[in-house]
Participant: 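Here you go, one structure.
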Amino acid sequence: MGLPRTLRLTRSEDFSRARQSGQTVRGRLLLLNVVPNQLAHNRYGIVTGKRLGSAVARNRARRVVRAALRRLHAQLRTGWDVVVVPHPPLFEQPFAEVVHALERLARQAGLTLPSTPIPPDEGGRP
RNA sequence: CGGGGGAGCUAGGGGGUUGCGGCGUGCCUACGGGCGCGCUGAGGAAAGUCCGCUCUCCAAAGAGCGCGGUGCCAGCUAACGGCUGGGCGGGGCAACCCGACGGACAGUGCAACAGAGAAGCGCAUUGCCUGCCCGUUUCGGCGGGCGGGUGAGGGUGAAACGGUGGUGUAAGAGACCACCAGCGCGGCCAGUAAUGGCGGCGGCUUGGCAAACCCCACCGGGAGCAAGGCCAAAUAGGGCGCAUUGGGGCGGCUCGUCCCGCAAAAAGCGCCGGGUUGGCUGCACGAGGUGCGCCGCGAGGCGCAUCCCAGAAAGAUAACUCCCCACGACAGAAAGCGGCUUAUCGGCCCCCCCGGAGG
RNA sequence: GCGGGUGUAAUUCAGUGGUAGAAUGUCUGCUUGCCAUGCAGAAUGUCACGAGUUCGAAUCUCGUCACCCGCU
């Protein structure tokens, strides 16, 4: 998943809790639902409905969002369930723009730790 | 060289760093798991769900009617509405391509508009011929009325009841004749057959639509892996039917068959209502792939060798970066398999046809 | 994974082999000082798309696309 299974939201009721009673922040590319959990770590879920397009398009959206979440994971407060809903304009954006949008929404939801810069790419240079 | 036809293969490639699913294995474990190593990880259509089958449940999967499907012949196959070969019909100069391609003397039905008439032996309102009467006449005829013959000509239509030539006649007509086409019934030859070839007899034409009902032949019991099996948890301990020819399995009906019941209750069988949306299994070694040999025109079959090739459960292939090139289409497994159909940027190989030029 | 249905004018729907229709809406005119109402008239469609059967297809057959519903 880009994320180990312990960091995933897996149960339908967890999704419902975040979608219905969580805090919602919305951007042009993404929508976040955030709700506190009783755990020592965060859990993430991604919702890709039929409206997003074909199976290939939905898989693509999930993978891009997962990669972005993995980039941001270390800089977020712990103890939250986060549901991310991608919107169709996401496909036209480069990856860096998706990371930026996700980071902005996380800051808006009060998830980011103070004064931590986003690291550069994790991949080493040859 | 240009244009065209057929049959296949392929689906950007090569690295670096960080990650994800599965299997095996070693170590650690506060049994939740963690770390390391090795192997492996989407398609030719994975799609649409249009067919067929395996598998599972409905006791077993039986018969008739009904309903649905298929429809030239032979074969292949587990099976098919698929494929191969052949026949017939159509298209193309050709290579080759396309075809739901049984039956209209078993029956019922349909054919708007136009037209005299639309399938029954039916039609005269244009035309052709003619009898009688009247008028007229340049004595050849002409015009009108009443009647008869005709289906040849013109005309309508998608379609008009054989075609061409002749004989015949007042004018005509399969009325008669020759040839041709079609229909029916035999014969001989080739072929497993569909069918084709040759020849005979008969009557004299008896049309179209069955993707209209229908008839004939063949096939089909129903549901689907959310099938089904096991475990755990949780709720309720409730309501209804069950001798009369009863209740139910049985999903349209009947037969047949099976389970339960034959009355107080209980138990039993079935239905409804109520509870649970957790885990394991089914779940990946198969009508499997590859290579070789043999049989077959071919689809394919047989034998031997060899390989193990996704298996998730909010659902695994990603992020960044470097190089190369023709700058990368359609698109993501969910029980499995065989087909069909649809989407698709391109690239490569082979065979064949037509035209031009040259040897 | 499986089963079923719908697609016709701007909208809601008829039409099931033979000229594509109704209501509402739109437009024009009349009525009114003006508007509404009323009256008269007009415009209109790839019958979702592509093939086939038929003399002829919205209608019958096959395929495709889109949308909707049900089973858990």
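Naming: A, B, ... by sequence-line order, numbering from 1 per chain.
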Participant: Starting at CZ of A:Arg71 and ending at C1' of B:rA318, how long is that distance when rounded to a whole Å?
Facilitator: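 Taking atom C1' of B:rA318 as the reference, CZ of A:Arg71 is at 11 Å.
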
Participant: Could you tell me how far apart A:Ile46 (CD1) and B:rA319 (C1') are, to the nearest whole angstrom?
Facilitator: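 After rounding, the reported distance stands at 13 Å.
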
Participant: Any idea which of B:rG332, B:rA319, B:rG315 is nearest the A:Arg8 side chain?
Facilitator: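 Among B:rG332, B:rA319, B:rG315, the one nearest the side chain of A:Arg8 is B:rG315.
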
Participant: Take atom C1' in C:rG15 and the same atom in C:rA51, then report the distance between them in whole Å.
Facilitator: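 Each nucleotide's C1' atom is 25 Å from the other's.
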
Participant: Taking the same atom, P, in B:rG184 and in B:rC105, what whole-Å distance lies between them?
Facilitator: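 One P to the other, the span is 11 Å.
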
Participant: Go ahead and name the base partner of B:rA305; Watson-Crick or wobble counts if both distances stay under 3.5 Å, otherwise write none.
Facilitator: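 B:rA305 is paired, partner B:rU290.
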
Participant: Considering every strand shown, what is the Watson-Crick or G-U wobble mate of B:rG274 when both distances are under 3.5 Å?
Facilitator: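 WC or wobble partner does not exist here.
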
Participant: When syn is taken as a glycosidic angle within 90 degrees of 0, is B:rC309 syn or anti?
Facilitator: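 That one's syn.
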
Participant: Check this for me: does the side-chain of A:Arg70 come within 3.5 Å of the base of B:rU18 through a donor and an acceptor?
Facilitator: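 Between B:rU18 and A:Arg70, which were checked side chain against base, a qualifying N/O pair under 3.5 Å is present.
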
Participant: Rounded to the nearest angstrom, tell me the gap between atom NE2 in A:His100 and atom C1' in B:rA319.
Facilitator: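 Roughly 18 Å, once rounded to whole Å.
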
Participant: Please state the P separation for the pair B:rG103 and B:rC216 - nearest whole angstrom.
Facilitator: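 The same atom, P, in both gives a distance of 16 Å.
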
Participant: Name the residue closer to the 5' end of RNA chain B, choosing between A:Ala55 and A:Val64 according to the nucleotide with the nearest heavy atom.
Facilitator: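 Counting from the 5' end, the first nearest nucleotide belongs to A:Val64.
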
Participant: If pairing requires Watson-Crick or G-U wobble contacts with both distances under 3.5 Å, which nucleotide is the partner of C:rC2?
Facilitator: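 Partner of C:rC2: C:rG70.
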
Participant: Check the distance between B:rA314's P and A:Arg43's CZ and give it to me in whole angstrom.
Facilitator: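 Rounded to whole Å, this separation is 12 Å.
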
Participant: Consider the side chain of A:Ala67, meaning its heavy atoms from C-beta on, and name the nucleotide among B:rA314, B:rA319, B:rA331 that approaches it most closely.
Facilitator: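 Nearest nucleotide to the side chain: B:rA319.
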
Participant: Between B:rG19 atom C1' and A:His73 atom NE2, what is the distance in whole Å?
Facilitator: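 It works out to 13 Å between those atoms.
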
Participant: Quick one: closest heavy-atom pair of A:Phe15 and A:Gly45, and the distance?
Facilitator: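 Looks like CZ-CA, 3.8 Å.
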
Participant: Please determine, for the side chain of A:Arg63, which listed nucleotide (B:rA319, B:rC20, B:rU317) has the closest atom?
Facilitator: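 For the A:Arg63 side chain, the nearest candidate turns out to be B:rU317.
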
Participant: Measure the distance from CZ on A:Arg58 to C1' on B:rA334 and round it to the nearest whole Å.
Facilitator: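 My rounded result for the distance is 14 Å.
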
Participant: If the C1' atom of B:rG15 is compared with that of B:rC337, how far apart are they to the nearest Å?
Facilitator: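 B:rG15 and B:rC337 have their C1' atoms separated by 39 Å.
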
Participant: Just so I know, are the side chains of A:Arg60 and A:Leu90 near enough to count as touching, which here means a heavy-atom distance under 4.5 Å?
Facilitator: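 Of all side-chain heavy-atom pairs linking A:Leu90 with A:Arg60, none is under 4.5 Å.
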
Participant: Does the side-chain ring of A:Phe95 lie flat on the base of B:rA319, meaning centres under 5.5 Å and planes less than 30 degrees apart?
Facilitator: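 Stack criterion not met.
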
Participant: Quick one: classify the glycosidic conformation of B:rG32 as syn or anti, with syn meaning within 90° of 0.
Facilitator: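 In terms of base orientation relative to the sugar, B:rG32 is syn.
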
Participant: Is A:Arg60 touching bases, backbone alone, or none of the nucleic acid, heavy atoms closer than 4.0 Å?
Facilitator: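 Counting heavy atoms under 4.0 Å across all strands, the contact made by A:Arg60 is with sugar-phosphate only.
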
Participant: Looking at the angle O4'-C1'-N9-C4 for a purine or O4'-C1'-N1-C2 for a pyrimidine, is B:rG174 syn or anti, with syn meaning within 90° of 0?
Facilitator: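 Syn conformation for B:rG174.
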
Participant: OP1 or OP2 of B:rU317 sitting under 4.0 Å from any side-chain N/O of A:Arg66?
Facilitator: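 For A:Arg66, the contact criterion (side-chain N or O under 4.0 Å from OP1 or OP2 of B:rU317) is met.
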
Participant: Mind checking the C1' distance from B:rC285 to B:rC271? Whole angstroms is fine.
Facilitator: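 Their C1' atoms lie roughly 45 Å apart.
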
Participant: Any side-chain heavy atom of A:His41 within less than 4.5 Å of one from A:Thr78?
Facilitator: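 No - every pair of side-chain heavy atoms lies 4.5 Å or more apart.
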
Participant: Map A:Ser54 and A:Leu9 onto RNA chain B by nearest heavy atom, then report which one ends up closer to the 5' terminus.
Facilitator: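 Looking at RNA chain B, the more 5' nearest nucleotide goes with A:Leu9.
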
Participant: Could you give the distance separating B:rG91 and B:rA118 at their P atoms, to the nearest angstrom?
Facilitator: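 Nearest-Å result for B:rA118 against B:rG91 at atom P: 34 Å.
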
Participant: Counting Watson-Crick and G-U wobble pairs only, both distances under 3.5 Å, name the nucleotide matched with C:rG21, or none.
Facilitator: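 Checking every strand shown, C:rG21 finds its partner in C:rC13, with both distances under 3.5 Å.
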
Participant: Would you say that A:Val65 contacts A:Tyr44 through its side chain, given a criterion of any heavy-atom pair below 4.5 Å between the two side chains?
Facilitator: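 They are not in side-chain contact.
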
Participant: Answer whether the closest heavy-atom distance between the side chains of A:Leu102 and A:Leu32 falls below 4.5 Å.
Facilitator: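 Yes, side chains in contact.
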
Participant: Could you check if a side-chain atom of A:Leu76 sits within less than 4.5 angstrom of a side-chain atom of A:Val82, using non-hydrogen atoms only?
Facilitator: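 Side chain of A:Leu76 against side chain of A:Val82, heavy atoms only: no contact under 4.5 Å found.
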
Participant: Do A:Arg66 and A:Arg63 make a side-chain contact, defined as non-hydrogen atoms from C-beta onward lying under 4.5 Å apart?
Facilitator: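 Yes - at least one pair of side-chain heavy atoms lies under 4.5 Å apart.
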
Participant: Should B:rG143 form a Watson-Crick or G-U wobble pair with both distances under 3.5 Å, which nucleotide is its partner?
Facilitator: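 Paired with B:rC134.
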
Participant: Nearest whole Å is fine: how far is B:rA319 C1' from A:Leu72 CG?
Facilitator: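 So the CG-C1' distance, A:Leu72 to B:rA319, works out to 13 Å.
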
Participant: If the P atom of B:rG288 is compared with that of B:rA78, how far apart are they to the nearest Å?
Facilitator: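 That atom pair is separated by 10 Å.
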
Participant: Please state the C1' separation for the pair C:rC34 and C:rA48 - nearest whole angstrom.
Facilitator: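 Their C1' atoms lie roughly 47 Å apart.
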
Participant: Please check the phosphate of B:rA316 (OP1 and OP2 only) for any side-chain N or O of A:Arg62 closer than 4.0 Å.
Facilitator: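 For B:rA316, OP1/OP2 do have a side-chain N/O of A:Arg62 under 4.0 Å.
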
Participant: Do A:Asn42 side-chain atoms and A:Gly79 backbone N/O form a donor-acceptor pair below 3.5 Å?
Facilitator: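 Looks like yes, one N/O pair under 3.5 Å.
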
Participant: Could you check which nucleotide pairs with B:rA181 in any of the strands shown, counting Watson-Crick or G-U wobble with both distances under 3.5 Å?
Facilitator: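 Its partner is B:rU205 (Watson-Crick or G-U wobble, both distances under 3.5 Å).
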
Participant: Across all strands shown, which nucleotide pairs with B:rA267 by Watson-Crick or G-U wobble geometry, both distances under 3.5 Å?
Facilitator: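 Per the H-bond distance test, none.
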
Participant: Is the base of B:rU10 syn or anti, where syn means the angle lies within 90° of 0?
Facilitator: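 B:rU10: anti.
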
Participant: Please tell me which of the listed nucleotides, B:rU317, B:rA333, B:rA314, lies nearest to the side chain of A:Val47?
Facilitator: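 Looking only at side-chain atoms, A:Val47 lies closest to B:rA314.
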
Participant: To the nearest Å, how far apart are A:Asn59 CG and B:rC330 C1'?
Facilitator: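 Atom-to-atom, A:Asn59 to B:rC330, this comes out as 16 Å.
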
Participant: With both distances under 3.5 Å as the test, what is the Watson-Crick or G-U wobble partner of B:rC320?
Facilitator: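 When the pairing criteria are applied, B:rG16 turns out to be the nucleotide that pairs with B:rC320.
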
Participant: Which of the following nucleotides, B:rA319, B:rG332, B:rG21, is nearest to the side chain of A:Val56?
Facilitator: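 Shortest atom-to-atom distance from the side chain points to B:rG332.
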
